[in-house]
Engineer: 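First the structure, then my questions, so here it is.
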Amino acid sequence: MNTIFVAGHSKLPTGIAANHISESLTLTLEIDKKYGVIVDASCTLATDHGREYVKNLLKGYSLKEGLDEPLKQLENGYRGKAGNAIAAALKDSYKQYQMHD
């Protein structure tokens, strides 16, 4: 395979729908080995729409260029209460990626 799979985790804020399922959020990324581009993403938000939004927001970014741009897009585009948890899970995923890069 030409991709790697990494997972990041973070704690969800209380009082949101996904928190009734789990207290943590998991963000998984499938990353192209050569270019570091996110080719697919998934997270454990409660709604299909939220999961699809995060997936579409992250796809196409190269982690070889760091996290500044995807974090900026997340901050500007995602207005749900889980925004900080998604950002923290993305940072955790990035750490996992760096360990294997």
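The residues of the chain are indexed from 1 along the displayed sequence. Fair warning: this is a prediction, and the values are worked out from it, not measured in the lab.
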Engineer: Counting only heavy atoms from other residues, nucleotides and ligands, does the tally under 6.0 Å from OH of Tyr35 exceed 12?
Structural biologist: no

Engineer: Check the surroundings of atom CD in Gln73: do more than 12 heavy atoms from other residues, nucleotides or ligands lie under 6.0 Å from it?
Structural biologist: yes

Engineer: So which heavy atom on Leu58 is nearest to which on Pro70, and how close?
Structural biologist: CD2-CB, 4.1 Å

Engineer: Can you name the nearest heavy-atom pair linking Ala82 to Leu12, along with the distance?
Structural biologist: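 Shortest heavy-atom contact: CB-CD2, 4.1 Å.
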
Engineer: About how many Å separate CG of Asp32 and CD1 of Ile4, when rounded to the nearest 0.5 Å?
Structural biologist: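 It is 9.0 Å, given to the nearest 0.5 Å.
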
Engineer: May I ask you to decide if Ala88's main-chain N or O and Ser10's side chain share a donor-acceptor pair within less than 3.5 Å?
Structural biologist: no

Engineer: For Glu65, look at atom CD and say whether over 12 heavy atoms of other residues, nucleotides or ligands are found less than 6.0 Å away.
Structural biologist: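 For Glu65, atom CD is not crowded (no more than 12 foreign heavy atoms under 6.0 Å).
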
Engineer: Hey, does Thr47 have a side-chain heavy atom less than 4.5 Å from the side chain of Tyr53?
Structural biologist: no

Engineer: Using the side-chain contact (heavy atoms from CB on, under 4.5 Å) definition, which of the options Val6, Val37, Asn2 pairs with Ile31?
Structural biologist: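 The side-chain contact (heavy atoms from CB on, under 4.5 Å) with Ile31 is passed solely by Val6 among Val6, Val37, Asn2.
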
Engineer: Would you mind checking if Asp40 and Lys59 are paired as a salt bridge, meaning a charged N to carboxylate O distance below 4.0 Å?
Structural biologist: no

Engineer: Calculate, to the nearest 0.5 Å, the distance between atoms CG and CG belonging to Leu25 and Leu90 respectively.
Structural biologist: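 These two atoms lie 10.5 Å from each other.
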
Engineer: Please determine which of Ile86, Leu27, Leu71 meets the side-chain contact (heavy atoms from CB on, under 4.5 Å) test together with Lys91.
Structural biologist: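 Of all the options given, the one that passes is Leu71.
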
Engineer: Would you say the side-chain atoms of Thr26 and His9 include a donor-acceptor pair closer than 3.5 Å?
Structural biologist: yes

Engineer: Taking atom CG of Leu29 and atom CD1 of Ile38, what is their separation to the nearest 0.5 Å?
Structural biologist: 5.0 Å

Engineer: Closest approach of Ala7 and Ser93, non-hydrogen atoms and distance?
Structural biologist: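 Taking every non-hydrogen atom into account, C-OG, 3.7 Å.
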
Engineer: Roughly how far, to the nearest 0.5 Å, is NZ of Lys72 from OH of Tyr61?
Structural biologist: 8.5 Å

Engineer: To the nearest 0.5 Å, what is the distance between NZ on Lys34 and NZ on Lys64?
Structural biologist: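 Rounded to the nearest 0.5 Å, the NZ-NZ separation comes out at 10.5 Å.
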
Engineer: How far does OG of Ser42 sit from CZ of Phe5, to the nearest 0.5 angstrom?
Structural biologist: 7.5 Å

